[in-house]
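For reference, the structure discussed in these notes is given below.
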Amino acid sequence: MGAPQGWIGVDLDGTLARYDGWRGELHIGGPVPAMVDRVKAWLDEGADVRIFTARLTEGPQNRDGTLHDISAVREAIEQWCVAHIGRALPVTNVKDYGMVALYDDRAVQIIQNTGLRADGQP
């Protein structure tokens with residue numbers, strides 16, 4: 001099959017890592033095995049996989065008012081990736097033209113150029 005051209009974005013909380021509520025910017029839940037296995041398979045095929053997360057949003061504070069430290073968050077995510085995937089992955093919150101797919105627990109797929117949901121819902 002081969003690796004796709006471009007990069008695959010994988011959401012962290014609720015997609016790659018379990019999420020059961022905010023416990024601070026450095027807390028990351030345990031791995032979601034099916035998604036971790038999928039990411040490892042992509043990496044084995046040579047795909048460019050990146051963590052796509054709102055945790056890297058610019059600003060001095062988190063939504064709960066606690067101080068936000070992007071570099072500490074990035075390091076925590078990279079360490080989580082090493083522990084559960086075997087290597088650090090690039091981490092971003094920026095979508096660009098190189099992204100070929102996004103795996104996210106909140107996304108709703110739309111059929112291109114139609115405005116219609118891919119799942120047939122209104």
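For clarity, every value in this text was computed on a predicted model and none was experimentally measured.
Atom CD of Q121 has more than 12 heavy atoms from other residues, nucleotides or ligands within 6.0 Å.
Residues L26 and I77 are members of one and the same hydrophobic cluster, defined by side-chain heavy-atom contacts under 4.5 angstrom among Ile, Leu, Val, Met, Phe, Trp and Tyr.
In terms of heavy-atom proximity, V94 sits nearest to F52 at C-CE1, 3.5 Å. Heavy-atom minimum distance, V91 versus E78: CG2-CG, 4.2 Å. Listed here is the closest heavy atom pair of G29 and A17: O-CB, 3.6 Å.
Screening V100, L43, V39 for a side-chain contact (heavy atoms from CB on, under 4.5 Å) involving I8 leaves a single residue, V100.
Legend: residues meeting ring-ring contact (aromatic ring centres under 6.0 Å, His included) with H84, ordered by chain and number and at least two apart, are W80.
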Practice prompt. Step by step, work out the side chain to side chain contact (heavy atoms under 4.5 Å, CB included) result for T92 and W7.
Written response: CA-CA 12 Å; T92 187; W7 61 278; 4.0 Å; yes

Please determine whether side chain to side chain contact (heavy atoms under 4.5 Å, CB included) holds for the pair L16 and V36, giving the CA-CA distance in whole Å, both sets of side-chain angles, and the decisive distance to 0.1 Å. CA-CA 6 Å; L16 188 59; V36 168; 3.8 Å; yes

Chi angles and distances behind the side chain to side chain contact (heavy atoms under 4.5 Å, CB included) call for V10, R50: CA-CA 6 Å; V10 179; R50 303 177 191 179; over 6 Å; no

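Of the possible polar contacts, none joining the T15 side chain to the L12 backbone as a donor-acceptor pair under 3.5 Å is found.
Between D13 and R18 no salt bridge is recorded (no basic side-chain N to carboxylate O distance below 4.0 Å). Ion pairing of D119 with R117 is present here, as a side-chain N (NZ or NE/NH1/NH2) and a carboxylate O approach within less than 4.0 Å.
Think of W22 as one node in a network of Ile, Leu, Val, Met, Phe, Trp and Tyr side chains linked at under 4.5 Å; its network also takes in Y19.
Residues N93 and E58 have side chains not in contact (no heavy-atom distance under 4.5 Å, counting atoms from C-beta outward). Inter-residue side-chain proximity for C81 and I51 is flagged as met; some heavy-atom pair is nearer than 4.5 Å.
Every pair passing side chain to side chain donor-acceptor pair (under 3.5 Å) that includes a residue from residues 24-36 is listed here, sequence neighbours excluded: E25-N62, E25-H68.
Expressed to the nearest 0.5 Å, how far CG of D11 lies from CZ of R106 amounts to 7.5 Å. To the nearest 0.5 angstrom, K40 atom NZ is 10.5 Å from R87 atom CZ.
In this model, no donor atom of one side chain and acceptor atom of the other lie less than 3.5 Å apart for W42 and D48.
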